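This is a predicted model, so every value here is computed, not measured. Only heavy atoms go into these numbers, but all of them, side chains included; no hydrogens, no water, no symmetry mates.
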Amino acid sequence: PEASYETITAEVVESKSVGLLMLNRPQVLNALSEVCMREVVAALKGFDALPEVGAIVISGKGKAFAAGVDIKELKNKTMVDSFVNPVLDQWNQVSRIRKPLIAAVNGYALGGGCELAMMCDIILVGEKAVFGQPEIKIGTIPGMGGTQRLIREVGKSRAMEMILTGERFMDAKEACQRGLASRVIEGTNEELVAEAVAMAKNISGMSRPAVIMAKAAVNAAYESHLEEGVKREQAFFGATFGLEDRSEGMAAFFEKRKPNFQNK
Ligand code: CO8
């Protein structure tokens, strides 16, 4: 994952426990090009495969998280491409990463940028965060899950308003009130990323299999209906009792000490 990339930076930090991915095309507000998509997916898969890494932070350099898919490239696409050569489909792979993804958003998260943030498991925002789905204004619609995910995050009326008008962007405060983001971190971009990294480090200290099961169980609710989700949760819950980490965690609680998880 630490290979040299053209459109992102990817490094392992905090004694290798956290993967940190920064979108790095600030001159075009981190517009998501095809190269960028391939690099993001490759870096995330690399982090997912590294045993030391327990959680991943995604953020953007400069004043945007990402102002959407790169319209320069999108402009030349045809309908035929979208069926025969759907390269942009690779973005879906972001939601298949097993380790927790934390988006640190300060500035524009528009179109594909908003959708990328919503593919993450936790969104932390800086005071300047702005979410929007302006695709309709350029004659298209969200194509990376926006129509499906935004409605779950902010409700139908507000999602429709954003998607059908392409306007009425959502600021940091509203994003938190509606549950799209979990909290606002005041201060600079660096402070926001530092907070996200601290959270990732904390998660990385937990039992790795328990974290992966917890994420998969929560996603069962997010991706399927209640009954199936509850069944999946029960199966995973039962499975944690096969972990030494579970015995250790519960023993440590009664011995009033920090648990020493083996699988992290
Ligand atoms: N793509 C390419 N370049 C961009 C993009 C973009 N999405 N956004 C900004 N840029 C470039 C600008 O062209 C400009 O370049 P230059 O300096 O060479 O003129 C530079 O970034 C700075 O931008 P602005 O000067 O416009 O900065 P402002 O602060 O004035 O405005 C805005 C910021 C409001 C964010 C404005 O840049 C904007 O409206 N950007 C486009 C937002 C947008 O429409 N996003 C949606 C894109 S479509 C999309 O994401 C489709 C997803 C579905 C994909 C399907 C996959 C399967």
Side-chain angles (χ1 to χ4, degrees), residues 8 21-23 29-32 36-37 40-41 43-44 48 55-60 64-70 74 88-126 128-136 140-185 192-193 196 199-200 203 215-224 229:
I8 64 169
L21 191 162
M22 301 289 288
L23 302 167
L29 305 181
N30 298 325
L32 305 167
C36 177
M37 171 186 65
V40 168
V41 169
L44 292 180
D48 218 23
I56 300 162
V57 172
I58 304 182
S59 192
F65 178 74
V69 173
D70 193 325
L74 217 48
L88 292 174
D89 273 14
Q90 276 204 42
W91 280 115
N92 287 334
Q93 298 193 38
V94 174
S95 57
R96 290 191 208 118
I97 299 298
R98 291 168 311 138
K99 293 173 183 171
L101 300 176
I102 303 170
V105 175
N106 199 10
Y108 292 115
L110 301 181
C114 183
E115 295 172 292
L116 175 60
M118 289 192 291
M119 281 182 211
C120 296
D121 303 304
I122 299 170
I123 301 180
L124 292 183
V125 284
K128 294 189 189 127
V130 178
F131 296 90
Q133 298 283 171
E135 289 90 341
I136 201 85
T140 183
I141 71 169
M144 285 163 53
T147 63
Q148 307 303 298
R149 291 196 178 94
L150 194 61
I151 184 173
R152 292 167 185 231
E153 314 290 3
V154 306
K156 178 177 160 187
S157 180
R158 191 69 176 96
M160 282 286 195
E161 184 180 38
M162 288 167 80
I163 291 167
L164 298 181
T165 69
E167 290 168 359
R168 296 287 329 278
F169 292 166
M170 196 175 281
D171 64 16
K173 201 171 148 216
E174 188 187 350
C176 291
Q177 278 163 354
R178 291 186 183 269
L180 174 62
S182 44
R183 59 201 159 89
V184 184
I185 310 299
L192 168 68
V193 172
M199 187 192 272
I203 293 171
K215 169 169 169 167
V218 173
N219 274 338
Y222 192 67
E223 291 160 6
S224 60

* Asked: Closest approach of Cys114 and Gly132, non-hydrogen atoms and distance?
  -> CB-O, 3.5 Å
* Whether Asn30 side chain and Gly60 backbone form a donor-acceptor pair below 3.5 Å -> no
* Asked: Does Ser95 reach the main-chain N or O of Asn92 with its side chain, forming a donor-acceptor pair under 3.5 Å?
  -> yes
* Asked: Has Gln148 got more than 12 heavy atoms of other residues, nucleotides or ligands less than 6.0 Å from its CD?
  -> no
* **Min side-chain heavy-atom separation Leu124-Leu192 under 4.5 Å** => yes
* **Nearest non-hydrogen partners of Ile8 and Ala43, listed with the distance** => CD1-CB, 3.8 Å
* To do: Indicate yes or no: at least one non-hydrogen side-chain atom of Ile58 is less than 4.5 angstrom from one of Phe65.
  => yes
* Asked: Testing Met162, Gln133, Glu161 for side chain to side chain contact (heavy atoms under 4.5 Å, CB included) with Met170, which one passes?
  -> Met162
* To do: Would you check if the side chain of Ser59 reaches a backbone N or O of Met22 as a donor-acceptor pair within less than 3.5 Å?
  => no
* **Main-chain N/O of Lys99 paired to Asp48 side chain as donor or acceptor, under 3.5 Å** => yes
* How close do Leu23 and Ala66 get, heavy atom to heavy atom, and via which atoms? -> CD1-CB, 4.0 Å
* Should Met118 and Phe131 count as side-chain neighbours, where that means a heavy-atom distance under 4.5 Å? -> no
* Got more than 12 heavy atoms from elsewhere within 6.0 Å of CD1, Ile141? -> no
* To do: For Glu153 and Leu180, indicate whether the former's side chain and the latter's backbone hold a donor-acceptor pair under 3.5 Å.
  => no
* **Side-chain (Glu115) to main-chain (Gly146) donor-acceptor, under 3.5 angstrom** => yes
* To do: Please step through salt bridge (Lys or Arg N to Asp or Glu O under 4.0 Å) for the pair Arg158 and Glu174, ending with a clear verdict.
  => CA-CA 11 Å; Arg158 191 69 176 96; Glu174 188 187 350; 2.7 Å; yes
* Structure fact -> In short, Cys176 meets Val125 closest at the heavy-atom pair SG-CG2, 3.8 Å
* Asked: Under the 3.5 angstrom rule, does the side chain of Lys128 hit a backbone N or O of Gly107 as a donor-acceptor pair?
  -> no
